[in-house]
2 protein chains.
Amino acid sequence: MADQVKEAISRPQRRRRKMQSITMMDVAEHAKVSPSTVSLYLRRPEAVSASAGSSIARAIDKLNYVPNLVAGGLAAASSRAVSIIVPSVRNAFFAETVAAMQTALRKERLQVILGHTEYDEKEEEDLVRTALSWAPAAVVLTGLSHSEATRKMLAKATVPVIEIWELGGVQINTAIGFHHDQVGIASAKHLIHEGRRNLLFLGARMHEDRRARQRCDGFVSAAREAGVKVDMVQHPAPSSAEVGAMLLAEAIEMHPDVDGIACSNDHVALGVLFECERLGIAVPDRLAVIGFGDLSFSAACNPSLSTIRPSGDLIGREAARLIVDHMAGKELERDTSIDTRFTLLHRRSS
Amino acid sequence: MADQVKEAISRPQRRRRKMQSITMMDVAEHAKVSPSTVSLYLRRPEAVSASAGSSIARAIDKLNYVPNLVAGGLAAASSRAVSIIVPSVRNAFFAETVAAMQTALRKERLQVILGHTEYDEKEEEDLVRTALSWAPAAVVLTGLSHSEATRKMLAKATVPVIEIWELGGVQINTAIGFHHDQVGIASAKHLIHEGRRNLLFLGARMHEDRRARQRCDGFVSAAREAGVKVDMVQHPAPSSAEVGAMLLAEAIEMHPDVDGIACSNDHVALGVLFECERLGIAVPDRLAVIGFGDLSFSAACNPSLSTIRPSGDLIGREAARLIVDHMAGKELERDTSIDTRFTLLHRRSS
DNA sequence: GTGAAAGCGCTAACAT
DNA sequence: ATGTTAGCGCTTTCAC
């Protein structure tokens, strides 16, 4: 009895608390169908009759209806957001992938939520935690090395996880990228093939950048295997042409007879080219140089920079494809990996 | 009567449809308080008694509770997401700002939702539409020029809007950035001060990049005002060292007597430096060069590149600050703008 | 300071 | 093909 009274009183009060926004109900009313039909139309237009469809379309247009994805996400227990976690978009490699992925996901009306680890596993862990609280359609991580806690969280959540930019380790489920040690091997083989017998790897920030380290390791072991002299010089600062210049100076001092250099990436290689010019070291005659990344300036350098081009955008597109497929119902096969390869660009510097 | 029966039947069926996840209710039960107290604790810990607070904290810890931000966003009609829309993170300038903003917002547990316009107003419009359907805490747009529809949507939504990387036009509300024409003016004055009397502006993609055009316009008008010869050469492709090299070749052909060049950015300037080297043009003796951006390689070039450094990270940090302040209740003053300035770096190339 | 209750706008069973 | 219904997990009045 008391309940009935309460209901009678409270029901008509149903005031909208926030700003008057147009909801699916308004569209339904306008189109003279039920809200669920509108919902269905929005998600699978082909499942609705042509007449209902067109009147819904008209109502949406007229009312300028914008669906509330937050509400949708809550109801469906999964939002149309994909969380992408990279070391930093300041890094051109990851910027490329993020951009490609955003463009591809956008077409499926999926949003990109971005996070930066700054090469910190603990930070990554926090980012994953927050990411999960958005009930994302997928989580994309960079690399294969994560904290135990991160793995646990991801395992407990039932969200698909894709790891990018690294292959060859223990993966959570799906990985898209390439083998960085193979990059190093390819560089070494290339230099050796060009007749170089005194090799050096110049690396920046290798204590944090695991993938740079893998390239270095591949390089060194391939050189050793070929019975060629090889060493490595590194600097803890992030990659930059300045670090490259410093490293070259140091390298020449320590190894005056070096005749082939591979760099952890093209930023470093660019610095090497500049410093060679300053020191009067002829490239490639006395010293061959190869980088990694094929950055915007690499082809235009003087001499043009030999380098290895990873396919950052392909990684992004493939990741997007997998996510879209998964949302369409296709299961991700367990433990698959997609090798996006890389290309060695033989230019003037080697 | 019938209703009562129905209720009696349906109530106990309350099955969880999706994966068993720990909710605020579980935490409440565990801590022996009501859900609303948990909610309050999460948002304003100081408003909850110490004893309740600590037992809630313990429960959260024990259960490993992760709040569902989607549900929170729906209930509060505003999510802890900030939509950032830039031309592309492939562009180092915007990558810098996005990274800085993400880092700053992260500390306040705000998420970044990223969108790329690729310099397309129509695309921006779509991105804003989708962005709004997330009920974001704020929307950040690049530049001051947007479609009418974009403006209308943004006006209707009550979300705070911040425009970045451009000052000096009609703004929606708050703008953070600097005056690009002043960059052009500063470059021209600098070259003139260095004794140059035959100036040229080399620009890439200026039909799409409004801000590059503003820099160009400022440059040209400042030179004219000073009574100095000036012209402009452009190429529709996106900025790159290759385009820079091409533009320089073209420039020298059309204006053999040019002695001072400003470039739409450092990518182009780098190409100019390389091409000068190839053509045997002495920099800065015969030709002074200044760029824009102070990119990673600019200081290490040979000769080091004079350039103008915008503060992309400051723009990001300021935007984040405003958003955080706004969420704390501080109103955004209407029509304010924050000038983050720029710095001219006089190096060896001029 | 704490709790009860009423939604936020949508999706997804299920029934028709 | 369409409608009915019951939540999704949280925030937010409003009483106490």
Side-chain angles (χ1 to χ4, degrees), chain A residues 2-3 6-7 9-29 31-53 55-56 65-80 132-135, chain B residues 2-3 6-7 9-29 31-53 55-56 65-80 132-135:
Chain A
D3 284 336
K6 239 167 154 181
E7 277 207 358
I9 292 173
S10 60
R11 197 53 61 85
Q13 287 187 342
R14 187 184 174 255
R15 79 257 117 153
R16 293 167 176 267
R17 283 188 300 187
K18 298 291 158 178
M19 60 233 108
Q20 200 81 352
S21 94
I22 289 142
T23 73
M24 191 175 270
M25 253 190 67
D26 300 322
V27 175
E29 254 168 47
K32 301 202 195 320
V33 295
S34 76
S36 60
T37 306
V38 177
S39 172
L40 190 61
Y41 169 78
L42 251 27
R43 281 168 301 115
R44 298 196 284 115
E46 74 283 1
V48 163
S49 74
S51 65
S55 74
I56 290 171
Y65 168 66
V66 177
N68 183 328
L69 293 181
V70 178
L74 177 58
S78 159
S79 68
R80 297 192 72 82
L132 290 181
S133 64
W134 280 90
Chain B
D3 283 336
K6 238 169 156 179
E7 276 207 359
I9 293 173
S10 62
R11 199 53 61 85
Q13 286 187 344
R14 187 185 173 253
R15 79 255 119 155
R16 294 168 175 269
R17 285 186 302 189
K18 298 293 161 177
M19 60 234 105
Q20 200 82 348
S21 92
I22 288 143
T23 73
M24 191 174 272
M25 251 190 68
D26 299 321
V27 174
E29 253 168 48
K32 302 202 195 319
V33 294
S34 76
S36 57
T37 305
V38 177
S39 172
L40 190 61
Y41 169 79
L42 250 28
R43 280 167 302 112
R44 298 195 284 113
E46 75 282 2
V48 163
S49 73
S51 66
S55 74
I56 291 171
Y65 168 65
V66 177
N68 182 328
L69 293 181
V70 178
L74 177 58
S78 160
S79 67
R80 297 192 72 81
L132 290 181
S133 64
W134 281 90

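Keep in mind the model is a prediction, meaning the values are calculated, not measured. Naming: A, B, ... by sequence-line order, numbering from 1 per chain.
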Considering only heavy atoms from C-beta outward, does the side chain of B:Val38 approach that of B:Pro35 to under 4.5 Å? no
Donor-acceptor side-chain pairing of A:Ser36 and A:Ser39 below 3.5 angstrom: no
Nearest-nucleotide pick for A:Leu74, side chain only, options being D:dG9, D:dT2, C:dG3: D:dG9
Beyond-backbone contact of B:Ile56 with B:Val27, side-chain heavy atoms, under 4.5 angstrom: yes
With respect to the side chain of B:Ser39, which nucleotide from C:dC10, C:dG7, D:dT12 is positioned closest? D:dT12
Relative to the 5' end of DNA chain D, which residue comes earlier, A:Val48 or B:Ser36, by the nucleotide with the nearest heavy atom? A:Val48
Report the distance from atom CG of A:Leu69 to atom C1' of C:dC8, rounded to the nearest whole Å. 15 Å
Nearest-angstrom distance from the residue atom CZ of B:Arg43 to P of D:dG9: 18 Å
Spacing of B:Glu29 atom CD relative to D:dC10 atom C1', expressed in whole Å: 16 Å
Options C:dA4, C:dG9, D:dT2, nucleotide nearest the side-chain atoms of A:Ala52: D:dT2
Need one value for A:Pro67: base, sugar-phosphate or nothing, where a base atom within 4.0 Å counts as base even if backbone is also close, heavy atoms only. sugar-phosphate
Do the side chain of A:Thr37 and the base of D:dG3 come within less than 3.5 angstrom through a donor-acceptor pair of N or O atoms? no
Side-chain contact check for A:Ala71: nearest option of D:dT11, C:dT2, C:dC10 is C:dC10
Separation of B:Ile22 atom CD1 from D:dG9 atom P, in whole Å? 12 Å
Output the rounded distance in Å from CG (A:Leu40) to C1' (D:dT5). 16 Å
Measure the spacing between OG of A:Ser78 and CH2 of A:Trp134 and express it to the nearest 0.5 Å. 13.0 Å
Choose from C:dG3, C:dC10, D:dC10 the nucleotide whose nearest atom is closest to any side-chain atom of B:Ala75. D:dC10
Assign each of B:Lys32 and A:Gly73 to its nearest nucleotide of DNA chain C by heavy atoms, then name whichever residue's nucleotide is nearer the 5' end. B:Lys32
Atom-to-atom span, CG of A:Leu42 to C1' of D:dA1 - whole angstrom: 17 Å
note: A:Tyr41, atom OH; D:dG3, atom P; distance rounded to Å ~ 15 Å
d(CG, B:Asn68; C1', C:dC8) in whole Å: 13 Å
Between the base of C:dG1 and the side chain of B:Ser49, is there a donor-acceptor distance below 3.5 Å? no
When rounded to the nearest 0.5 angstrom, what distance separates CG in A:Asp26 from OG1 in A:Thr23? 4.0 Å
Just checking A:Val33: base, sugar-phosphate only, or nothing, at a heavy-atom cut-off of under 4.0 Å? sugar-phosphate
Looking only at the side chain of A:Thr23 (C-beta and beyond, no hydrogens), which of the listed nucleotides C:dT11, D:dG3, C:dG9 gets closest? C:dG9
